[in-house]
Number of protein chains: 2
Amino acid sequence: MKIGILGTGMVGNSIGTKLVQLGHQVMMGSRTAKNEKALAWVSAAGNGASAGTFADAASYGEMLFNCTAGIASLAALEMAGKENMKGKVLVDVGNTLDFSKGMPPTLTVCNTDSLGEQIQRAFPETKVVKSLNTMNCMLMVNPASLPGEHCVFVCGNDADAKTKVTDLLKTFGWKNLIDLGDISGSRGTDMMMPIWIRMYGAFQSVNFNYSIIRG
Amino acid sequence: MKIGILGTGMVGNSIGTKLVQLGHQVMMGSRTAKNEKALAWVSAAGNGASAGTFADAASYGEMLFNCTAGIASLAALEMAGKENMKGKVLVDVGNTLDFSKGMPPTLTVCNTDSLGEQIQRAFPETKVVKSLNTMNCMLMVNPASLPGEHCVFVCGNDADAKTKVTDLLKTFGWKNLIDLGDISGSRGTDMMMPIWIRMYGAFQSVNFNYSIIRG
């Protein structure tokens, strides 16, 4: 499948590299066509990897991943272009962490709204699925590296879009996927960030994840 | 130990009953001394159980549990009285769920503050420990009823107070306790409520809990 990755950070790198390894054709998009981090990723990821602007990547991909920093996602997606995203599945991996007020960071949106919902409202003809934003990027693409029944959450308004994303996540190695319902479930996943950050501090490691034990 | 329970709802009932079963002397406090729900609980819980006002219970207990609805907790604790709570450990189990704007509920405080922090600021000479607010009340007092390595979070500014609460929670059956650090960790635990509510909807059951898988 042709997939567009929006964002050149660790999350975009990890997901883009995994997708190339799985045989997909992946374009990494950023503000400029010649972004150094994107070009370095293309060199490292090899065959199937390419780079362009946000609009190039959004136009290229049949499925898109929002891997930009949550606080910049809406602006980045505007640059990607509504028409380029129309009718496509967009997996939103963003967390709206605001580090400007010191540590630990707070969220710029939560409780009565969420990034997933904001994106869905701004791009009503795109099928937004929120997922993967509750664990470190190494675990996102290689869940089997952490033994145990840990999970990934999925939510979105479009059932077919959720199935497509779920099927792709299974190829990453995810076995334990929890469907939280419509895109407002993004409030739930986004709001797990504060406790994640505190556990990161307590454990001094990012190599952990949530598991849900059910009776 | 003499323990004061503030609140007559399901959480106060569950914790109060468990504490009586464990041999503690427990007074349930409410707005009025003759609260029907508190008196019914005294009859059901039996020897060791008593009831009184918030102030009576706060004065009686060497350790206190805030089991009032989170949106009413600060008012209830004002009625309990600063002097009655002075120097004591208060376990805050509250969630500030606001159902007034429809379902699913939102939180009245989160992200840049939390109920645990609000209580600690309002009662600086009380040692506030936030715990138990991330699972159903049946699991709070009987974690072994759900097999598996699921966990309870603890946070607070006073290390001795956390140890006291941790020791008591172990007598409830808790084996997997995660210390999130100071009372600002209450932001983390409180903000798990939105995803809990969505999982409750997805599973149609309250019999589940978080486990943290660590590498």
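Per chain, numbering begins at 1; letters A, B, ... match sequence-line order. Here the structure is a predicted model, which is why all the values come from computation and not from measurement.
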Inset, instruction - List the steps and the verdict of side chain to side chain contact (heavy atoms under 4.5 Å, CB included) for A:Ile195 and B:Met191. - result: CA-CA 8 Å; A:Ile195 199 163; B:Met191 289 170 78; over 6 Å; no
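- Taking B:Ser205, B:Pro147, B:Gly215, B:Cys155 one by one and counting their heavy-atom pairs under 4.5 Å with chain A, the maximum is reached by B:Gly215.
- Interface with chain B: from residues 95-111 of chain A, residues A:Thr106, A:Leu107, A:Cys110, A:Asn111 qualify, criterion being any non-hydrogen pair under 4.5 Å.
- Here CZ of B:Phe208 is found 12.5 Å from OG of A:Ser211. Values are rounded to the nearest 0.5 Å.
- By a heavy-atom distance cut of under 4.5 Å, not one residue of residues 65-78 of chain A is near chain B.
- More than 12 heavy atoms of other residues, nucleotides or ligands lie within 6.0 Å of CE in B:Met1, so this atom counts as buried by the packing criterion.
- Summarising the local packing, CD of A:Glu62 is surrounded by more than 12 heavy atoms from other residues, nucleotides or ligands at distances under 6.0 Å.
- Of the residues considered (A:Ser145, A:Gly185, A:Gly148), A:Gly185 shows the highest number of contacts with chain B, using heavy-atom pairs under 4.5 Å.
- Interface residues of residues 157-183 of chain A toward chain B, defined by a heavy-atom distance below 4.5 Å and sorted by number: A:Ile178, A:Asp179, A:Leu180.
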Inset, instruction - Check the pair A:Met199 / B:Phe153 against side chain to side chain contact (heavy atoms under 4.5 Å, CB included), numbers first and verdict last. - result: CA-CA 10 Å; A:Met199 287 195 281; B:Phe153 301 99; 3.9 Å; yes
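- Contacts of residues 116-143 of chain B with chain A at a heavy-atom distance below 4.5 Å are absent; not one residue qualifies.
- When heavy atoms are compared at a cutoff of 4.5 Å, B:Thr189 approaches chain A by way of both its backbone and its side chain.
- Heavy atoms of B:Ser184 lying under 4.5 Å from chain A belong to its backbone as well as its side chain.
- When each of B:Asn209, B:Ile197, B:Thr112 is checked for heavy-atom pairs under 4.5 Å with chain A, B:Asn209 comes out on top.
- Taking A:Met192, A:Arg187, A:Arg214 one by one and counting their heavy-atom pairs under 4.5 Å with chain B, the maximum is reached by A:Arg214.
- Interface remark: B:Ile213 contributes backbone and side-chain atoms alike to the contact with chain A (heavy atom separation under 4.5 Å).
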